[in-house]
Structures are given as structure tokens and as C-alpha cells.
Amino acid sequence: MLKLMQNEWMKLWHKKGTWIMVGILVILTAGMMGLMKWISLQNMGGEMTREGMIQDPSSLGGTVLLLTVIVAAGIVASEFSQGTIKMLLTRPVKRWKILVSKFLTVNLFGMFLMLIGYVVYLLLAMLLFKSDAGESLSSWSVWSKSLYMLLLSFGNVFITSTFAFAIGSVFRSSSLAIGLSLFIYFTGSTISALLSQYEIAKYLFFTHMDLTQFETGMMLVPDLTMPFSLAVLAVYIVVFLLISFSTFIKRDVTA
Amino acid sequence: MKPVVELKNLSKTIRSKKIIDNLNLSLYPGQITGFLGPNGAGKTTTIRMMVGLMKQTEGDIVIEGVSLRDNFEEGLSKVGVIVENPEMYKFMSGYKNLLHFARMHKGVTKERIDDVVRQVGMQNRIHEKVGTYSLGMRQRLGLAQALLHRPKFLILDEPTNGLDPAGIREFRQYLRKIAETEGVSVFVSSHMLSEIELMCDRIAIIQNGKLIDIREMSEARESFYYIEATPAEKAKQLLTDGGFTVEPFTDGLLVNAEQHQIPDLVESFIAEGLQVFAVQPHRKTLEDEFLEMTGGGQIAEAYAK
């Protein structure tokens, strides 16, 4: 399995697009920080402190999600469109193993982007923002909060990329997978808000995608709890993966 | 001799249409077997089932005693595959591509990769991106990836597509070499009948999903002569009286005569006052036989309907 992941990782980084994605991530993160600084200078959003910024890096999530979804959507679909799927599946390796290696690689890539984004974010937070006398950077609470928020925002990356991965492997079309995933990412919260008075809203997966809502308190649907959200998400993830694996394993490759 | 590969009652049904119907075939070590059939006969489907791209509806494929149904990984570890144009990862170098596939097999070392690269004569360009390769180079790389794990069975679908004549010849000699020296069993599907004729020891012919003939190429063929003489009617009469079977062919007649009978025949023609324009040995090509057996393929069939 490690060798298969090594393969996927190698293929990923030999594509120019992947390097461009990292570049985009760095630029967008830096731009976002610049914007925050500018807003802070205009004194519109109140004084922003270094500690305050570090405690909530969840704004990274959106950029990382966008990029990870592109990789997740293409990792299976591109093998079909390049025709390399024939070469990949005529090996003494069971298909589910290949799919698992691809899925793990996507998540590893997501984490990697998150890490890069986080490093850039921290550097700029240090450079651009003044420290607040009240809280100290050496205090554990600032960092634990920071990492917790990072983890919560990664949740959204994980869920959306799993969705994109499933669509990409079922329909073998990366554009469809990217389109659908981003559509859900952008309109999901609106749909949830519209349906919030109905029971069904509680069981839609996009109601729960943004786990940071439990920390920020900006809940889409009232009366949600974290364990409930995690349970609903787990069910959806299992369903997505089941569909993805069963179609991939059964498929007759004719192209 | 124990077969390397056995197809047992292989069947494939797609949407209640039987694409492959109860196929039985054994392939032996050191032998190159050609796989022929008109378009849509089921060649590609059969090959895709043999390499794990498609699942059979019924029957089984046994490779060196291991059933693909029961133990896919072990069975397929002895198979080298080139399916149509070998599509590689264009954004990586040839070497990285080989490395990629080597990792999917057990026990392929870096030395083995270098070995295979030398065997197919690609040392000079192996570190360049596949996107820059010509079709011939890609075919070589395709062959290299199929040989990495020292397969006992090599399966090739239209392998010479896009190769130039020199390349085809080299490819043919190479296949022959590994079949003979390493006892590899080779299975080649192709439309190019002359190719198959030159390459193979044995030919399996499939039509409408059924195996209609298997023949050894070494089998002594019937000898035919082409005779052109006027008046044709009289010539024909003479020949049938002599106990030969005669069929018209272009401007003359095709006769199943042996070499030693020819002088007598010519003499009798002259004696009867016939004008003889040509007498020459005629070798039925594989193409003629193939068309005879499959009834001229689909286009002819479509006209007949």
C-alpha cells in the first residue's frame, strides 16, 4: 500500500498543476492576510491582534478545500481520460487497493496544503500584526485553540474532497466532480438556512460540513451538537465511499 | 506440454447479449499464438477479460494453475500486458513510468529496470518525458513495462499499430527471441494478417464470440497451382476429368495439383491444342483462408442482409 501511495504522490507532483496550486495557496493566503491588515488599519473590524489571528486560522480552509477538491476529482477521472487506467489495472494489485491508495493520497495532499497554508499564515500573522499585551504566545491556550480550529476547518476539506472523489470515480469526469462539489460548498449553507425550520435540514450533509460553526456560534440550524454532526457526516462519508468503491471494482474498463 | 494459460468455458454477456460464447483455449510455453477475428468478433473483450479489465460472466481463466477468479493477484503477476497503444504518464519520464509500474509488482529491482531499458534499446532517452517520445518509442516503452516482472505469459493487443516496417520487424524478432529463450507464451491479437502469418506458430480464429478454428502454422498446406489457358471451358473440362478440383481465380483457374503432376498436365493441355499462358504455384495467403473461414467479415455480411 505504501508503494501505491508513493506512486500516486509521485504522479501528483510531476504535474505542473500541483505546483501551481501550492503557489496559488501561498498567494491567496498572503493576500487574505494583507486584506485583513488593511481592514485593521482602516479600523473597521476593530483592532486585530497577532494572538487573535493565530487563534482562528479557519479562513485557510476555503482555499485548501478548493485546491484539494480539484485533485480529488481528478485523481481517478484523469486515469480514465489519459487512458492510463488500462496500464494501472492490469497489474497484480486488487482494485480496491488502488482506490484506497488514491483516497489516502488525496487526504495527505489536503493535509499537506493545510500545513503549508498554516505556516504562511503564521509567518504573516507574526509579521503584520502587533501582539496584544493580554495574551501571550507562549501560552498553550492560544496554540491549542489554533490547532483545534485548523482541525475543524480540515473537516470541511475532508468531507468535500471525499464527495468530489466519489463523483470523480463514479462518473469518470473531473469537471463534473469539481463543479458539483463547489456548488455544494457554496450553496450548501444557503440551502440549509432556507430549510432550517424543517426537520430534514438536520440530515443534509452540507448543514454539518462547516464544523467551525460550533466554535464561532454561527449555527445554520439551531439545536445541533458536535457529536450529532459527526455522526451524520460519518454516515455520508461511508455512503460516498461505498458507492465509489463498488462502482470502481465492478466496472468493465472498455476505453 | 503443460499449458501456461487455459481459458475454460469463458463467456461474457453484456445486456443479455452473448459477446463471448463458451471459449476454450490453451496457450503453451515458447509458442506465439495469433488471435484473429473480424471487427466485433470479441477479440478485445476476450483479452480484456484475460488481463482483469473486464469480469467474465461465466467460466474461468487459469494462469499457470492459478485461477484468476480465486487469486487475481497471484495469477496476474505472471502476465505482461500491452493493450492497444500503451498510454503512459506523459508528464513523467520514461524511467519514472517504469518505476511506477515496477512498484506494482513484487521483486522488480532497479537493476532489472535498467536491464529492460537496455533490452529495448532506450538508454539514451529514458530520462526524457514520455510526452516528447515518438509513437515507436512509446511502443518500446510499452514493451519494457510488460517485461519488467519477467512474465511467463505475454499478451499483446494490436502491438504493431503505428510502428514502421523496420520497427515491426525488430519487434517480431524480439518476441520470437523471448518466446524461445525464456519459454514465454505469447498471445497476439492483430488485424494485420501478414504480420500474424510471419510471427505466429499457431492461430486461433474467433467469430461472433465463438472460437471457430485453431491451427498450427507449420502444418503442411495443400499445394495449389494457377493455370491460365484458352479456351477456358475446355481446360476446366480436362482438369475435372483428371480428378482435380478447380475453381476460377482472376483470369484463370486454381487447381489443387502437386508439383510432380504439372509436367503431365501441361503436356496433356498441349496435346489437346490448348493455348497455355501461365502455370505457376499459388500459395493461399492467410488472408484468403481467413476470409474464407469468416465469410468475408462484417461488410460482406451487411451487404448480404
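Here is how names work: the chains are called A, B, and so on, in the same order as the sequence lines, proteins then strands, and each is numbered from 1.
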Flag side-chain contact, heavy atom, 4.5 Å: [X] against [Y]:
X: B/F101; Y: A/R91; value: yes
X: B/R103; Y: A/M10; value: yes
X: A/Q82; Y: B/E87; value: no
X: B/Y89; Y: A/K11; value: yes

Side chain from CB out, backbone as N, CA, C, O: work out which of these in [X] comes under 4.5 Å of a heavy atom of chain B, or both, or neither.
X: A/R95; result: side chain
X: A/L89; result: both
X: A/E79; result: side chain
X: A/K97; result: side chain
X: A/L88; result: both

Quick check on side chain to side chain donor-acceptor pair (under 3.5 Å): which of B/K55, B/R48, B/K12 does A/D252 satisfy it with?
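Result: among B/K55, B/R48, B/K12, B/K12 is the only option passing the side chain to side chain donor-acceptor pair (under 3.5 Å) with A/D252.
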For [X], I'd like to know if atom [atom1] has over 12 heavy atoms of other residues, nucleotides or ligands within 6.0 Å.
X: A/L127; atom1: CG; answer: yes
X: A/K37; atom1: NZ; answer: yes
X: A/K15; atom1: NZ; answer: yes
X: B/R112; atom1: CZ; answer: yes
X: A/W13; atom1: CH2; answer: yes

Yes or no on side-chain contact (heavy atoms from CB on, under 4.5 Å) for A/T84 and B/M88, after CA distance, side-chain angles and deciding distance?
CA-CA 6 Å; A/T84 44; B/M88 300 286 180; 5.6 Å; no
Specify which of A/R251, A/K16, A/K250, A/K3 makes the most heavy-atom pairs with chain B at under 4.5 Å.
A/K3
Apply side-chain contact (heavy atoms from CB on, under 4.5 Å) to the pair A/T254 and B/M54, showing each step before the final yes or no.
CA-CA 8 Å; A/T254 49; B/M54 281 182 160; 3.2 Å; yes
Using a 3.5 Å distance criterion without hydrogens, assess whether the side chain of B/E73 forms a donor-acceptor pair with backbone atoms of A/K94.
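Checked: pair present.
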Give, as side chain, backbone, both or neither, the part of B/K96 having an atom under 4.5 angstrom from any heavy atom of chain A.
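Contact with chain A involves both backbone and side-chain atoms of B/K96.
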Scan B/H105, B/M104, B/E74, B/K78 and name whichever one has a side chain to side chain contact (heavy atoms under 4.5 Å, CB included) with A/P92.
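Testing A/P92 for a side chain to side chain contact (heavy atoms under 4.5 Å, CB included) against B/H105, B/M104, B/E74, B/K78 leaves exactly one candidate, B/H105.
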Quick check on the interface: out of B/V81, B/L76, B/L53, B/T45, who has the most heavy-atom pairs with chain A under 4.5 Å?
B/L53
